[in-house]
Number of protein chains: 2
Amino acid sequence: MGTADPRALWERVADDLRAEINRGDLKAGDPISPEQELADRHGVSRQTVRQALQQLTNEGLLLSGRGRGRTVRSQTRLHWQLSHFETQERHSAEADAWSNGVADQGRNPHQDVTVEINVPTPKVAERLGLNQDDLVVVRRRVRYVDDQAFQLADSYFPESIARGTLLMQPRDVSVPGGILASIGYPQIKIVDEIEIRMPTKEESSKLGIAAGTPVAEHVRTGYGEDGKPLRVMITIVPGDRHVLVYELEAQ
Amino acid sequence: MGTADPRALWERVADDLRAEINRGDLKAGDPISPEQELADRHGVSRQTVRQALQQLTNEGLLLSGRGRGRTVRSQTRLHWQLSHFETQERHSAEADAWSNGVADQGRNPHQDVTVEINVPTPKVAERLGLNQDDLVVVRRRVRYVDDQAFQLADSYFPESIARGTLLMQPRDVSVPGGILASIGYPQIKIVDEIEIRMPTKEESSKLGIAAGTPVAEHVRTGYGEDGKPLRVMITIVPGDRHVLVYELEAQ
DNA sequence: CAGTGGTCTAGACCACGCT
DNA sequence: GCGTGGTCTAGACCACTGG
């Protein structure tokens with residue numbers, strides 16, 4: 001007699017709603033029926049409905065909030081062009097590559113910068129070829145687009161290179177050709193490592209990341225003319241707001 | 001006389017366990033106490049503990065399974081070098097760039113290939129500059145490492161280019177310099193777009209992706225000497241198994 | 001203030017993996 | 001068979017948002 005549907009009750013509810021979203025019956029921004037109503041309609045308890053909604057939220061399809069109800073999540077992503085060196089400035093000057101890229105897409109960028117001197121984490125020390133008792137200058141940037149926090153971008157420089165230079169200025173400095181080049185250390189090679197993972201609690205709160213949103217941890221190591229590492233930049237990139245872009249040309 | 005801890009009960013349980021993991025008291029592979037035991041220890045109900053464990057699972061910290069108990073998740077990632085063109089073969093020949101990269105890291109790669117002719121999805125049509133009534137040849141590959149499914153990599157070619165060539169062979173073909181070059185269409189430029197998101201239900205089941213694991217959708221478009229697109233490759237990359245790597249050299 | 005989602009409990013039964 | 005996690009219910013109260 002049973003219908004022999006192997007899916008759990010909550011999974012059927014989730015599948016129903018997911019199908020409505022994929023089909024376009026529910027569009028970005030549309031409100032979802034209240035939990036109690038969904039429970040009545042499917043003949044299940046409210047907790048079961050909540051499990052279904054939880055699942056869809058984890059898939060990045062829904063947003064929720066106390067008192068506000070649930071809505072279908074929208075995603076428009078900003079393109080982040082990563083294959084241009086700082087030395088290949090396409091713009092007049094002034095702003096850095098990131099700001100220019102954002103402005104090109106009709107959005108309004110700005111960044112907050114703080115500078116500190118610290119001991120390197122193992123991850124940074126390894127990439128800069130430093131010991132634990134060496135020091136690094138850390139430039140921590142929070143990058144905003146249209147006044148929403150968009151990225152955490154922390155740059156690490158060996159203290160021996162950064163001491164007494166522009167790099168110690170706790171503000172948004174930029175010079176044509178790149179800061180490192182301007183102080184005598186041009187970068188000739190870059191290695192990017194991209195890791196995909198869920199955000200830590202701290203990252204979630206700093207960036208206002210919704211549940212069900214993964215991040216990319218983008219680690220860029222820059223090397224100088226003598227082949228030694230000059231800089232490590234670690235950027236935390238919320239997945240729902242970005243597309244990372246690389247353009248590669250045959251030589 | 002409340003303790004005035006603003007955190008919910010489940011959040012305290014989660015924070016406790018997360019701290020144990022970060023501190024190293026619980027290492028990869030270690031079992032977590034059973035739900036009932038955690039409930040008793042913290043003086044909360046089993047459902048509350050389950051909510052905490054659910055959260056940590058979504059953060060990618062735990063694995064679970066019926067009857068098996070829960071364990072701390074480990075993560076060793078394979079490096080995937082993406083900045084080398086097919087024309088820049090470093091290896092004797094035979095295998096493709098991906099297989100070589102995997103073998104270099106002491107692992108054992110293989111791939112299953114199927115070929116079909118189909119109408120392009122809008123995403124593919126846009127990048128190949130095709131209309132909806134044009135046809136594409138699709139090479140679908142499931143890539144395995146040590147017999148575990150690792151990536152879904154689908155390549156799309158305009159039917160006009162692929163017809164009657166090696167590209168129609170439903171097996172793991174590879175030639176020095178790349179297949180496209182061997183049939184008269186060398187790629188001179190590549191554009192990669194990387195999107196970070198949660199997997200669809202289908203991707204999760206095909207790749208055996210655990211809850212709380214994001215994916216990268218890597219879209220590589222290859223252009224020929226006349227500047228026209230030749231190929232789109234869409235790869236679904238489980239985040240817990242990969243690090244994407246790009247090396248960029250100054251010109 | 002009404003309605004929403006968020007938290008929490010107590011208890012039940014089921015499905016799976018192991019020994 | 002026993003212990004584990006997975007599913008599900010019914011009911012309660014709280015916290016926030018909006019009219």
Side-chain angles (χ1 to χ4, degrees), chain A residues 1-17 26 29-59 61-73 201 204-205 208-212, chain B residues 2-17 26 29-73 201 204-205 208-212:
Chain A
M1 282 295 197
T3 50
D5 189 335
R7 296 176 300 170
L9 291 181
W10 68 263
E11 206 165 358
R12 298 182 216 179
V13 177
D15 287 350
D16 278 3
L17 274 167
L26 287 170
D30 286 353
I32 301 297
S33 309
E35 297 175 354
Q36 193 55 58
E37 188 182 322
L38 288 171
D40 295 345
R41 188 190 309 165
H42 289 87
V44 299
S45 77
R46 190 181 151 220
Q47 284 297 343
T48 301
V49 166
R50 279 180 63 75
Q51 187 164 357
L53 295 170
Q54 174 74 254
Q55 172 62 27
L56 295 177
T57 304
N58 288 340
E59 290 176 15
L61 296 175
L62 298 182
L63 289 177
S64 74
R66 223 163 198 153
R68 286 185 294 105
R70 301 178 122 102
T71 52
V72 178
R73 185 164 172 177
K201 247 185 124 180
S204 291
S205 67
I209 293 178
Chain B
T3 50
D5 189 334
R7 296 174 302 169
L9 291 181
W10 68 263
E11 206 166 357
R12 298 181 215 178
V13 178
D15 287 350
D16 277 3
L17 273 167
L26 288 170
D30 285 354
I32 301 296
S33 309
E35 296 176 354
Q36 193 55 57
E37 188 182 322
L38 287 171
D40 296 344
R41 189 190 310 165
H42 288 87
V44 299
S45 77
R46 191 181 148 218
Q47 285 296 346
T48 301
V49 167
R50 280 180 63 75
Q51 188 164 356
L53 295 171
Q54 175 76 258
Q55 172 62 27
L56 296 178
T57 304
N58 288 339
E59 290 176 15
L61 296 176
L62 297 183
L63 289 177
S64 73
R66 229 166 193 149
R68 287 188 291 108
R70 302 178 121 103
T71 52
V72 178
R73 187 165 171 176
K201 246 185 123 183
S204 291
S205 67
I209 294 177

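The model shown is predicted, which means the values in this text are computed figures rather than measured ones. Letters A, B, ... mirror the listed sequences (proteins, then strands); counts begin at 1.
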For the pair made of CD in A:Glu37 and P in C:dT4, what is the distance, rounded to whole Å?
8 Å
Rounded to the nearest angstrom, tell me the gap between atom CZ in B:Arg46 and atom C1' in D:dG3.
11 Å
Please state how far atom CZ in A:Arg12 lies from atom P in D:dT7, giving the value in whole angstrom units.
12 Å
Sub-3.5 Å donor-acceptor pair from the side chain of B:Thr57 to the main-chain atoms of B:Leu53, do we have one?
yes
Using a cut-off of 4.0 Å on non-hydrogen atoms, how would the nucleic acid contact of B:Leu53 be classed: base, sugar-phosphate, or nothing?
nothing
Residues A:Gln51 and A:Gln47: side-chain donor-acceptor under 3.5 angstrom
no
So, is B:Ser64 close to the D:dG6 phosphate, meaning a side-chain N or O under 4.0 Å from OP1 or OP2?
yes
Axis-to-axis angle between the two ends of the helix from C:dC1-D:dG18 to C:dC18-D:dG1 (five base pairs per end, rounded to 10 degrees)
20°
Short side-chain N/O contact from B:Gln47 to OP1 or OP2 of C:dT7, under 4.0 Å:
no
To the nearest Å, how far apart are A:Leu38 CG and C:dG5 C1'?
12 Å
What is the distance from CD of B:Gln55 to P of C:dC8, rounded to the nearest Å?
13 Å
Straight-line distance of B:His42 NE2 to B:Arg12 CZ, nearest 0.5 Å:
10.0 Å
Measure from NE2 on A:His42 to C1' on D:dT7 and round the result to the nearest Å.
17 Å
Roughly how many Å is it from CD in A:Glu11 to C1' in D:dG6, rounded to a whole number?
12 Å
Pair B:Arg73, B:Leu62 - check side chain to side chain contact (heavy atoms under 4.5 Å, CB included), show working.
CA-CA 5 Å; B:Arg73 187 165 171 176; B:Leu62 297 183; 5.8 Å; no
Report yes if a donor N or O on one partner sits less than 3.5 Å from an acceptor N or O on the other, where the partners are the side chain of A:Arg66 and the base of D:dG18; otherwise report no.
no
So if I apply the side chain to side chain contact (heavy atoms under 4.5 Å, CB included) rule between B:Val49 and each of B:Val44, B:Asp40, B:Leu9, which one comes out positive?
B:Val44
Are any of A:Arg50's side-chain N or O atoms less than 4.0 Å away from OP1 or OP2 of C:dG5?
no
Counting heavy atoms from C-beta on, name the nucleotide in D:dT9, D:dT17, C:dT7 closest to the side chain of B:Ala8.
C:dT7
Only residue of A:Leu17, A:Ile32, A:Val72 satisfying side chain to side chain contact (heavy atoms under 4.5 Å, CB included) with A:Leu56 is A:Leu17
Might you point out which heavy atoms bring A:Ala210 and A:Leu63 nearest each other, and give the distance in Å?
CB-CD2, 3.9 Å
Using a heavy-atom cut-off of under 4.0 Å over every strand shown, decide if A:Gln36 touches base, sugar-phosphate, or nothing.
nothing
Given C:dT7, D:dG18, C:dA12, which nucleotide is nearest the side-chain atoms of A:Arg68?
D:dG18
Just the rounded figure in Å: distance from C1' of D:dA10 to CD of A:Glu35.
15 Å
Of A:Thr48 and A:Gly67, the one whose closest nucleotide on DNA chain D sits nearer the 5' end is A:Thr48
With respect to the phosphate group of D:dG6, does any side-chain polar atom (N or O) of B:Arg70 fall under 4.0 Å of OP1 or OP2?
yes
What one should report as the nearest heavy-atom pair of A:Ala52 and A:Ala14 is CB-N, 3.7 Å
